[in-house]
Amino acid sequence: MATTREFKTEVQQLLNLMIHSLYSNRDIFLRELIANAADAIDKARFESLTTPELAREWQIRLSIDKDAKTLTISDNGIGMTEEEVVENIGTIAKSGTKAFLKMLEEQEDNKEPLPELIGQFGVGFYSAFMVASKVELVTKKAGSELPAVKWTSSGEGSYEIDADTRTEQGTTITLHLKDDAAQYLDSWKIGEIVRRYSDFIAYPIVLPTKKVNEDKTETVEDKVLNSQKAIWLRKSSEITEEEYKSFYGHLSHMGGDYLKAIHISAEGTSEFKALLFLPKEAPFNLLMPEIQKKGLQLYVRRVFITDECKELIPDYLRFVAGVVDSSDLPLNVSREILQENPQLRRIEKAVVSRVLSELRKMLENEREAYAGFFREFGRILKEGIHTDYANAEKLKDLVMYESMNTEPGKMITLEEYVTAMPESQKEIYYITGEKREAVASSPALEYFRAQGYDVLFMTDPIDDWIMQQMFQYKKKSFKSVDKGDFEVEGAEEMIKQAQEKFAKLLEFLKTTLGDSVSEVRFSARLTDSPCCLITEGNALSPHLERLFKAMHQEIPESKRILELNPKHPLIEALFKVYTANENAPELKTYAKVLFDQSLLTEGSPLPDPAAFAKEVTNLLLQGLGAGGKADSAEK
């Protein structure tokens, strides 16, 4: 005899919210019911190992009745007794339910989208009421002599429970669809949802489908909607190259070739499986965060949760494509709860460790392949040095640079640089700039070239920013060759004598150049060039300044130090002109040309290119003995 029972208070609250609130994605109701069916079959299959008579040809059946406006989901899994139905559907037996419901109510009051409630606090079944005005459930416990149970509810605070004549184990759920849910009576829509969310469920999901024969007659055939091919759960030896490529194309939405496939099978405190891909070429939107998808696909026990789980992998590995399938996570919850889930943090830690380990192996064993990979993704990978303190040292082992002593296009690692350092070299020297050609011609390299030292060429736009966190490698500090003070053993006396000899000339140059420089001084940094510009210790490099300006960022103008080579004949000649006549009009021209020359050699734009060209023309005329000035020659 049928009896009517009231839902527990928290269930009534939850049903009210789900039925009357605008849910962000109604399609997930089918995912939830299919996931529940798969769980029921999992339990029955496990039981059948010791009770073989429970074994079946496992499957999940869907059926559509357009006339009755019903959608049915049926399984031949473990089933439930009446007591289990009441316990599992009449209550929500999880802690924190009240706080969870309060959060939902607050979001409803604020008209914000509700979080996806997938599986949390046992609410997966109730998602059926988003699309159904009435739900009927008939279930028979596998291996039990107890009668089958029929549960019926319209989701309005109570449910009816009664015995049923069903004799086969399993559960059937019939949804009487609302008028605004008629789309779920279309086979194509059901197939689309299954392929998106439940494609890798281990059991066939079957939908009877009409087929028109050659003789124009119609027959109904069972159509399996899901592939059941969870490639990440198979051994790598069982997967063909074609299958890898196909799955990579599915993940990346790009097709093309991948560089390496990485399988992860973790057990213990965090049980999950993963299949990750390192791409061969950077996508066009890699540096366009507003349109680039980030994160890995997340599955829970083969059930699709999200294709953009940012919590599974850090931003500096955003080029990695892949899927993670967890055995421990609940079937997703809201974005907020995902972010706070410690299990996801443990998975992320394991994923990062494995990816960096594979990159290290590639560097050691497939040097050319790794070099190609680093050219494509190196600037992204370097971000981790600045953002991932825990893995910064591992990342330092992976970065590569061209250098002064390498041929163009060839890169070396920091480990190779340090190994090749002469015993007299105490620091790792580097220079930043826009491209190799620009930094290779910098006068700041002259001393290091003469000493046989190597200098790393850091030409990625991100390098200046990264070097703020680089500090040391193998207990060797980093030193920018065109930044800060520079000391050469035994050069102190030479600098002191030059400062004394040319003191008045230095003062003249500083006065003439004014706000263009912060200081004019002599240095042992130069061997061939007459001068160069140096950035003070904590100031932005000219390369970084140009990048900020290109992005229309307002930054204060920094003053540079003009360093002179006391041994260069140009300085001696300039001093002679100054000594002969401190007020010689050409002295100011010489000073400005000297400063502009130092800007050009470092790749910085000139403040007034036309004026510089005219001044150089005048100097050429004087040098050639033509006399006059460029402006008068033009008349």
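What you are looking at is a predicted structure, and each value in this text was computed from that prediction instead of being measured.
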Separation of [Y] [atom2] from [X] [atom1] (nearest 0.5 Å):
X	Y	atom1	atom2	result
Tyr590	Glu586	OH	CD	4.5 Å
Ser523	Met494	OG	CE	8.0 Å
Glu281	Glu376	CD	CD	6.0 Å
Asp528	Leu445	CG	CG	11.0 Å
Arg318	Leu381	CZ	CG	10.5 Å
Thr527	Phe448	OG1	CZ	10.5 Å

[X] side chain vs [Y] backbone, donor-acceptor pair below 3.5 Å:
X	Y	answer
Ser357	Ser353	no
Asp482	Ala444	no
Arg367	Met362	no
Asp454	Met404	yes
Arg360	Val355	no
Asp460	Ile462	no
Glu416	Thr413	yes
Glu427	Ser477	no
Thr406	Glu402	no
Lys559	Asp515	no

Practice item. Kindly indicate, with the supporting measurements, whether the criterion side-chain hydrogen bond (donor to acceptor under 3.5 Å, both in side chains) is fulfilled by Glu446 and Ser529. Key: CA-CA 8 Å; Glu446 292 173 0; Ser529 300; 2.3 Å; yes

State whether the number of non-hydrogen atoms from other residues, nucleotides or ligands found under 6.0 Å of [X] atom [atom1] is greater than 12.
X	atom1	value
Glu536	CD	no
Glu242	CD	no
Lys479	NZ	yes
Glu500	CD	yes

Exercise for review: Apply side-chain contact (heavy atoms from CB on, under 4.5 Å) to the pair Lys245 and Tyr258, showing each step before the final yes or no.
Suggested key: CA-CA 7 Å; Lys245 285 184 177 180; Tyr258 65 93; 4.1 Å; yes

Between [X] and [Y], a side-chain donor and acceptor under 3.5 Å:
X	Y	value
Ser403	Asn405	no
Thr459	Arg436	no
Ser480	Tyr429	no

Practice item. Could you check whether the rings of Tyr430 and Phe478 sit parallel, tilted or perpendicular, using 30° and 60° as the cut-offs? Key: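 Rings of Tyr430 and Phe478: perpendicular, as their planes differ by over 60°.
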
Check your understanding: Taking the six-membered ring for Trp, are Phe319 and Phe373 parallel (under 30°), tilted (30 to 60°) or perpendicular (over 60°)?
Key ->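 Ring orientation, 0 to 90° scale: perpendicular.
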
Please examine the side chains of [Y] and [X], heavy atoms only from C-beta on, and report whether any two atoms are closer than 4.5 Å.
X	Y	answer
Thr512	Leu587	no
Leu606	Leu600	yes
Asn391	Leu356	yes
Lys510	Leu506	no
Phe612	Asp608	no
Phe457	Met411	no
Thr387	Pro314	no
Met458	Met467	yes

Ring centers of [X], [Y] separated by less than 6.0 Å:
X	Y	result
Tyr578	Phe508	yes
His386	Trp465	yes
Tyr248	Phe277	yes
Phe522	Phe502	yes

Closest heavy-atom contact between [X] and [Y]?
X	Y	result
Ser598	Cys531	CB-SG, 4.0 Å
Ile380	Asp315	CG2-O, 4.3 Å
Leu599	Pro607	CD1-CD, 3.6 Å
Ala350	Phe272	CB-CZ, 3.8 Å
Ile571	Leu505	O-CD2, 4.2 Å
Lys476	Gln425	NZ-O, 4.1 Å

Point to revise | side-chain contact (heavy atoms from CB on, under 4.5 Å) between Leu526 and His568, worked out | key: CA-CA 9 Å; Leu526 302 167; His568 198 281; over 6 Å; no

Check your understanding: Taking it one step at a time, do Asp464 and Thr432 satisfy side-chain hydrogen bond (donor to acceptor under 3.5 Å, both in side chains)?
Key -> CA-CA 7 Å; Asp464 269 300; Thr432 60; 3.2 Å; yes

Exercise for review: Evaluate the side-chain hydrogen bond (donor to acceptor under 3.5 Å, both in side chains) criterion for residues Asp397 and Tyr473: first the C-alpha distance (whole Å), next the side-chain angles of each, then the deciding distance (0.1 Å), finally the verdict.
Suggested key: CA-CA 9 Å; Asp397 285 332; Tyr473 179 77; 2.6 Å; yes

Any carboxylate oxygen within less than 4.0 angstrom of a Lys/Arg side-chain nitrogen, looking at [X] and [Y]?
X	Y	value
Arg354	Glu358	yes
Lys504	Glu507	no
Arg525	Glu563	yes
Glu519	Arg560	no

Review point. Given the rule in the side-chain contact (heavy atoms from CB on, under 4.5 Å) test, do Leu594 and Leu564 qualify, once you have shown the distances and angles that lead to the verdict?
Key: CA-CA 10 Å; Leu594 199 65; Leu564 305 176; 4.0 Å; yes

Exercise for review: Please report the C-alpha distance between Tyr316 and Asp388 in whole Å, then the side-chain angles of each, then the deciding distance to 0.1 Å, and finally whether the side-chain hydrogen bond (donor to acceptor under 3.5 Å, both in side chains) criterion is met.
Suggested key: CA-CA 9 Å; Tyr316 70 88; Asp388 186 357; 2.6 Å; yes

Review point. What do the steps show when you test Lys501 against Glu572 for side-chain contact (heavy atoms from CB on, under 4.5 Å), and what is the final call?
Key: CA-CA 10 Å; Lys501 178 180 178 180; Glu572 188 68 44; 3.1 Å; yes

